[in-house]
Amino acid sequence: MKTPNVLVLISALLNIDASTAWPTHTVCKEDNLEIHYKSCDPQQDFAFSIDRCSDVTTHTFNIRAAMVLRHSIKELYVKVDLIINGKTILTYSETLCEPGHSKLIFCGKKKGEHLYYEGPVTLGLKEIPQGDYTVSAKLTNEDHVTVACADFTVKNYLDY
């Protein structure tokens with residue numbers, strides 16, 4: 001007998017849609033900058049943190065991210081959308097893992113293994129845009145299956 005998914009059981013008991021069951025997590029809330037995220041994968045949440053919120057407005061900052069893989073990663077692709085007022089303004093995509101060329105230490109991990117990344121991230125921006133907006137990020141593998149997915153809500157009122 002197959003063990004039922006805990007999320008499905010909780011969703012059924014609470015009579016809620018599984019796709020909205022994940023909570024919104026606060027990454028940072030400091031001065032005039034707030035960042036929250038919510039997994040957009042109905043089957044998996046994940047952990048994400050930033051060492052210091054004030055570092056996000058600089059060129060490079062340190063993050064931590066962790067999850068248990070539901071799918072193996074031979075190839076990994078990221079697609080990031082900047083959404084303002086419900087409209088996609090900018091799209092960025094990149095190959096992170098491919099045979100013989102891997103940019104990340106967890107390339108090649110198998111289903112069921114723990115994925116943990118701790119280290120610097122560079123956005124390639126001189127500053128974080130002011131305003132309220134959403135950054136939607138999706139990681140997919142070679143089978144076009146979602147490995148991780150999140151919507152980040154950013155509220156930045158810093159005056160540069």
Side-chain angles (χ1 to χ4, degrees), residues 5-8 10-11 14-71 73 75-97 103-104 106-107 109 114-160:
N5 182 315
V6 173
L7 176 60
V8 173
I10 292 170
S11 298
L14 298 176
N15 195 26
I16 58 175
D17 178 10
S19 65
T20 61
W22 299 120
T24 298
H25 306 282
T26 299
V27 176
C28 66
K29 187 173 184 178
E30 183 177 290
D31 297 326
N32 295 319
L33 179 65
E34 283 184 45
I35 302 174
H36 307 274
Y37 77 93
K38 183 175 183 171
S39 174
C40 50
D41 181 344
Q43 297 183 17
Q44 184 167 29
D45 200 2
F46 63 96
F48 180 84
S49 68
I50 296 173
D51 282 353
R52 291 185 342 177
C53 194
S54 59
D55 288 345
V56 174
T57 58
T58 66
H59 189 64
T60 300
F61 54 96
N62 289 318
I63 69 163
R64 288 184 182 91
M67 65 185 291
V68 176
L69 287 174
R70 291 186 308 112
H71 305 283
I73 302 174
E75 297 175 19
L76 187 65
Y77 308 94
V78 63
K79 181 181 178 207
V80 180
D81 292 323
L82 173 62
I83 303 165
I84 300 175
N85 296 327
K87 187 173 185 177
T88 300
I89 304 300
L90 180 67
T91 297
Y92 171 81
S93 60
E94 183 176 355
T95 301
L96 301 174
C97 303
K103 295 181 180 181
L104 302 171
F106 51 80
C107 296
K109 291 265 188 181
H114 292 240
L115 183 145
Y116 179 78
Y117 175 79
E118 178 178 359
V121 170
T122 301
L123 295 177
L125 303 171
K126 292 188 187 234
E127 59 188 44
I128 304 296
Q130 285 184 313
D132 292 359
Y133 51 92
T134 300
V135 176
S136 180
K138 186 173 187 178
L139 294 166
T140 55
N141 71 2
E142 64 277 3
D143 298 322
H144 308 288
V145 175
T146 300
V147 173
C149 178
D151 291 324
F152 293 85
T153 303
V154 179
K155 295 179 181 186
N156 182 18
Y157 301 107
L158 292 174
D159 194 15
Y160 295 101

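A search for salt bridge (Lys or Arg N to Asp or Glu O under 4.0 Å) contacts involving R64 returns D51, E118, not counting sequence neighbours. Residues satisfying the ring-ring contact (aromatic ring centres under 6.0 Å, His included) criterion with H25, sequence neighbours excluded, are Y37. Evaluation of the salt bridge (Lys or Arg N to Asp or Glu O under 4.0 Å) rule for E30 yields no partner, not counting sequence neighbours.
Screening residues 115-135 for ring pair (Phe, Tyr, Trp, His ring centres under 6.0 Å), with sequence neighbours left out, gives no hits. Each salt bridge (charged side-chain N to carboxylate O under 4.0 Å, His left out) pair with one or both residues in residues 80-93, not counting sequence neighbours, appears once here: K79-D81. Under the salt bridge (charged side-chain N to carboxylate O under 4.0 Å, His left out) criterion, no residue pair touches residues 137-154, with sequence neighbours excluded.
Residue R52 places its CZ atom among 12 or fewer non-hydrogen atoms of other residues, nucleotides or ligands, all under 6.0 Å distant.
Taking both residues in full, the closest heavy atoms of V147 and I73 are given as CG1-CD1, 4.2 Å, listed atom of the first, atom of the second, then distance. In terms of heavy-atom proximity, D45 sits nearest to P23 at OD2-CD, 3.8 Å. Among all heavy-atom pairs drawn from T146 and C149, the shortest one is CG2-CB, 3.8 Å. Nearest heavy-atom pair across A137 and F152 is CB-CE1, 4.4 Å. Scanning all heavy atoms of the two residues, the minimum distance from W22 to Q43 falls at CZ2-C, 3.7 Å.
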For the pair S136 and I83, evaluate side-chain contact (heavy atoms from CB on, under 4.5 Å) and give the outcome as yes or no after the intermediate values. CA-CA 7 Å; S136 180; I83 303 165; 4.0 Å; yes
How far apart are the C-alpha atoms of I63 and F61, what are their side-chain angles, what is the distance that settles it, and do they pass the side-chain contact (heavy atoms from CB on, under 4.5 Å) test? CA-CA 7 Å; I63 69 163; F61 54 96; 3.5 Å; yes
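Using modelled atom types, one side-chain atom of Q44 and one backbone atom of V68 make a donor-acceptor pair closer than 3.5 Å. Between the S39 side chain and the D41 main chain, a donor and an acceptor come within less than 3.5 Å of each other.
If you check the side chains of T60 and T122, you find a donor sitting under 3.5 Å from an acceptor.
Exactly one of T134, T26, T24 qualifies for a side-chain hydrogen bond (donor to acceptor under 3.5 Å, both in side chains) with H36. That residue is T26.
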